[in-house]
There are 2 protein chains.
Amino acid sequence: MIRIFIDYLLPIFYFKCMTKNREKLLMILNANKVPMNASLIYEDTKDSFDLATIYRGLNYLETNNYVSSFVFDCKESGVQRYFTIKEESHKHYMHCEKCHTFTAIPLCPLKNALSDIEEEYGFIVDEHYLTLRGICRHCAETTL
Amino acid sequence: MIRIFIDYLLPIFYFKCMTKNREKLLMILNANKVPMNASLIYEDTKDSFDLATIYRGLNYLETNNYVSSFVFDCKESGVQRYFTIKEESHKHYMHCEKCHTFTAIPLCPLKNALSDIEEEYGFIVDEHYLTLRGICRHCAETTL
DNA sequence: TATTTTTTGCAAATGATTCGCATTTTTATT
DNA sequence: AATAAAAATGCGAATCATTTGCAAAAAATA
């Protein structure tokens, strides 16, 4: 049953609801592999789409679970929402204060800690946001 | 030398640079014990100060290390910056999706993990932001 | 092919935060 | 204490990321 859904129905559904805009958003996010905000994506599309359309597309993709997002306050470009392709396992990122890029931390360092917290505080945790801020390897090596 | 600074100079400096506005901001944040955003504080001051003055005061307090802040996207009130009194040890918070309040998690569950990450990725971590989202104990107990 | 639904572009609206500027308050100088 | 200089405030306007209304264009359905 679930196989049928994944193999057969899901692709059709996907095909049906993917407009050129949304298709392109997924392409860009897949190609770049790092969290991107709306204006970054807008530049990348080379004006193929209006910024409002890009926002609408990103929101559609998020509510339909193709992408996920988080807000981040970059010292260079301010508070903005960043989008990434949604994968099996969620990812966190570290943000470099020098070059202002994100680097993925594939494995979540909170795996075990979360259930401890749930138990200790009687809190049901649905999501968690973790972002590191610092100096990335590249900037640490090149700058003295 | 450092003792002289802490015992003598710091209080004078504190006294000198604390305006009524900034004094009140610290009072409110101390009294409430939870992260508060500017408009929440504004309501709490009962119109004693202009909202712009409150923002200026909060920014002053943050750059002078009296308070720290983070941006959070509350599903009820949107993306806003929240401020807390800066303490010896930093705190993280969990945010309830039902009652939209924050609960502190006094001990940071990342203590050890961070140095591992630094080593593995060659990244120098200056700060980290962690927020949990879910259902708080109170809402979990009262709602069926 | 006609009709309904969805998506898009454009311009205007929104909402949190910041800024300019004139006024008031505080601090430093005589 | 009186005055000059510096900092803080209130108000309104500006900013910037994001959203929204609306009419036109494109896609889906009958």
Next item on the list: Quick one: sort the B:Phe72 and B:His95 rings into parallel, tilted or perpendicular, breaks at 30° and 60°.
Entry: tilted
Checklist line | Rounded distance (Å) that lies between atom P of C:dA16 and atom CD of B:Glu76 | finding: 12 Å
Notebook entry, point to check: Salt bridge between B:Lys33 and B:Glu87, side-chain N to carboxylate O under 4.0 Å?
Noted result: no
Item checked: A:Tyr42 OH - D:dT18 C1' separation (whole Å) -> 15 Å
Margin query: From the set C:dT17, C:dT18, D:dT19, return the single nucleotide nearest to any side-chain atom of A:Tyr55.
Written below: D:dT19
Notebook entry, point to check: Given atom CZ of A:Arg81 and atom C1' of C:dA16, what is their separation to the nearest angstrom?
Noted result: 14 Å
Checklist line | Main-chain N/O of B:Cys74 paired to B:Ser77 side chain as donor or acceptor, under 3.5 Å | finding: no
Next item on the list: Take atom CD of B:Gln80 and atom P of D:dT18, then tell me their distance rounded to the nearest Å.
Entry: 15 Å
Short N/O separations, protein against nucleotides 6-10 of chain D, under 3.5 angstrom:
residue	atom	partner	partner atom	Å
D:dA8	OP1	B:Arg22	NH1	3.4
D:dA8	OP1	B:Arg22	NH2	2.4
D:dT9	OP1	B:Thr19	OG1	3.3
D:dG10	OP1	B:Ser48	O	3.4
D:dG10	OP2	B:Asp50	N	2.9
D:dG10	OP2	B:Thr53	OG1	2.6
D:dG10	N7	B:Arg56	NH2	3.0
D:dG10	O6	B:Arg56	NH2	3.0

Item checked: Rounded interatomic separation in angstrom, taking CG from A:Asp73 and P from D:dC16 -> 15 Å
Item checked: Rounded distance in Å - CE (B:Met18) to C1' (C:dT25) -> 17 Å
Check: Do you know which of B:Phe102, B:Tyr129, B:Tyr93 makes ring-ring contact (aromatic ring centres under 6.0 Å, His included) with B:Tyr82?
Finding: B:Phe102
Checklist line | Atom-pair distance (CG on A:Asn59; C1' on C:dT6), nearest Å | finding: 16 Å
Item checked: A:Tyr55: partners by side chain to side chain contact (heavy atoms under 4.5 Å, CB included), with sequence neighbours left out -> A:Ala38, A:Leu51
Check: What's the verdict on salt bridge (Lys or Arg N to Asp or Glu O under 4.0 Å) for A:Arg81 and B:Asp73, showing C-alpha distance, side-chain angles and the deciding distance?
Finding: CA-CA 10 Å; A:Arg81 182 173 294 276; B:Asp73 180 17; 2.5 Å; yes
